[in-house]
Colleague: 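Have a look at this one.
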Amino acid sequence: MVQEQGSGGDGVLARQEARERKDRLKAEFGGRLRVLLDLTGLSSREFAQRYPAYKDSTVRKYTLGSNLPPWDFLHDLLTEVTRRTDDPAGPHRRTELFTAYRQVLIDTGADVRGSDQNSLLLRLLDGEEALARLGDELSQVRTRENQLRTDLADLEEQIRRTRTPTSGAGAADRKRELEEESRLLAVRRSALVERRSSLITELDTCRTQLAALEDTENGLVPVSTRGGAGQDRTGTLPPVPPLPPLLGAGVQPGTKKPGRRRAAALVGGAVAVVLLAGGGAAVGIWATGPHDTTGKNTTPAPAPTTPVPDPTTAEPATPTPSTAPPTTAEPSTTNTPAPPAAPPAEGAQSLVTDLPAFEDDGYLSGPQTVNLREYPDALRVPAPPSCETVATWQLDRTYTTLVTQVGVTDDSPTSSDANFFITVDGKAAFQRTMKVGQSAEKATIDITSAFRITLTINNCGGSGHGAWLNPTISK
């Protein structure tokens, strides 16, 4: 009996030591976040005002080590550091931070099969990396589909010009091969789109569950929890990736390149500023974590000069589809340029010239003419158009309004049309079908607290050269 009591006491002691170790790991990681927050020059309240997806109390939980943050918070924090500093070693430091973040999650008991808070954080991290890989693969498929369309058009022209039966037969065989490859690629693309949609839904569910857990009194549920809301959904998630999610702009404004816009520029001032800008004191804090528990910046910083949403709002506002009626004015008989635009709103950015897409399947940039009216900055589908052209922009939850016009360019085939879609954080916000010869229609979309927006033109049932005309985001 005495031996059994001793064993029970050892078990209690071991569990207590395990809890203390986990608390220590979270506190050390919170110290890293506190250093980064100090480097932004913002207090936790000011950061929450700039990024309304987080509450002031939530930011303080992260920096004090009470809770571990979602990877979105790490990205937003590093983005804000980048605004204030310049660090050429930023991408390497960013990788170090995310590597440490993953290790802390695992060391505190996170498991992608669980439904506790830390397990959801790990699933979100892995799911975003899987989403990036799916985007890369989908971009490659669409690029190949566009190339096959060009090859088929050239081959059909060659067949028309061929006079020798033997040569014509060889060209016809080659055409069948290209058509079969196109069919297989279409099947593969559809499967990738379905997988991506399913994964986006899974990540949205994770974020919803995390938000609910953040609002609970204790913040965390036991790490040993299994099953629950997330138990039967893990089949859609991939194995643990070797690297953290990579986000950011990929090319300079004005250039267009098919494929994903990944770059280190967005996070160029990441964690290395601790070593470069913070001096020896900052280095010591980075290694051991400060003991300040105020959650405030030690140096007063000016409040943001731009209007900000209510900092108590934890979840992004639901996007509102545009209800603006189509333009009804009769076009003139000459090629008339668009009337002078109103002065841009404060903090306005053009999605054509100012802010490169995070992911882009190959939109072409430049002036376009719709119903005899010229628009100077536009994004249009390539020629010949692919079944679906998609681009996504990273907004970092700092913009409130997207304004664009949609239309089919005048060089499109007769009676052609195109379908336009706008999604905000995976939720539908706008849909229109436009025809050639129809006046452009304006769309105004609420993107308050939006993390990403996606502009899609679908040509699967038509051949119109759809275009986004003067797309602009503003704060």
Colleague: Could you tell me if the side chain of L33 sits less than 4.5 Å from the side chain of P69, heavy atoms only?
Modeller: yes
Colleague: Salt-bridge test for R397 and D76: reply yes if a basic N is under 4.0 Å from a carboxylate O, no otherwise.
Modeller: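 So R397 pairs with D76 through a salt bridge.
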Colleague: Whether R113 and D111 form a salt bridge (side-chain N of Lys/Arg under 4.0 Å from carboxylate O of Asp/Glu) is what I want to check.
Modeller: yes
Colleague: Quick test of your reading of the model: are D38 and R34 salt-bridged, counting only N-O distances below 4.0 Å?
Modeller: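 Salt bridge flag = no for R34 with D38.
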Colleague: Just wondering, more than 12 heavy atoms not from R144 lying within 6.0 Å of its CZ?
Modeller: yes
Colleague: Can you classify the ring geometry of Y101 versus F98 as parallel (below 30°), tilted (30 to 60°) or perpendicular (above 60°)?
Modeller: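 Correct class here is perpendicular.
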Colleague: Measuring only between side-chain heavy atoms, which start at C-beta, is T40 closer than 4.5 Å to L37?
Modeller: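 Yes. Closest side-chain heavy atoms under 4.5 Å.
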Colleague: Does some side-chain heavy atom of F420 sit less than 4.5 Å from a side-chain heavy atom of I422?
Modeller: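 Heavy-atom side-chain distance check fails, nothing below 4.5 Å.
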Colleague: Pair D377, S350 - check side-chain hydrogen bond (donor to acceptor under 3.5 Å, both in side chains), show working.
Modeller: CA-CA 8 Å; D377 297 318; S350 168; 4.8 Å; no
Colleague: Surrounding CD of E180 (heavy atoms of other residues, nucleotides or ligands, distance under 6.0 Å), is the total greater than 12?
Modeller: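 Count over threshold, so yes.
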Colleague: If I take atom CD from residue Q147 and atom CG from residue L152, how far apart are they, to the nearest 0.5 angstrom?
Modeller: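 Reported to 0.5 Å precision, the distance equals 10.5 Å.
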Colleague: Can we say E129 and R123 salt-bridge, meaning some charged N sits less than 4.0 Å from an Asp/Glu carboxylate O?
Modeller: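 No.
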Colleague: Measuring from T398:OG1 to F451:CZ, what's the distance to the nearest 0.5 Å?
Modeller: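 Going from the OG1 atom of T398 to the CZ atom of F451 covers 11.0 Å.
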Colleague: Please evaluate residues F421 and F430 with respect to the criterion ring pair (Phe, Tyr, Trp, His ring centres under 6.0 Å), reporting the C-alpha separation (whole Å), side-chain torsions for both, the decisive distance (0.1 Å), and the verdict.
Modeller: CA-CA 6 Å; F421 302 89; F430 176 86; 8.9 Å; no
Colleague: Check whether any side-chain heavy atom of W468 lies under 4.5 Å from a side-chain heavy atom of L351, and answer yes or no.
Modeller: no
Colleague: Would you call L120 and D116 a side-chain contact if the rule is heavy atoms closer than 4.5 Å?
Modeller: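 In short, these two side chains do not touch, never coming nearer than 4.5 Å.
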Colleague: Between F47 and Y62, does the ring centre distance come in under 6.0 Å?
Modeller: no
Colleague: So, are R188 and E137 salt-bridged, with charged N and O less than 4.0 Å apart?
Modeller: yes
Colleague: Using modelled atom types and a 3.5 Å cut-off, is there a donor and acceptor pairing between side-chain atoms of D360 and backbone atoms of Y363?
Modeller: yes
Colleague: Could you check whether D417 pairs with R432 (Lys NZ or Arg NE/NH1/NH2 to Asp/Glu carboxylate O, under 4.0 Å)?
Modeller: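 Answer for the salt bridge query: no.
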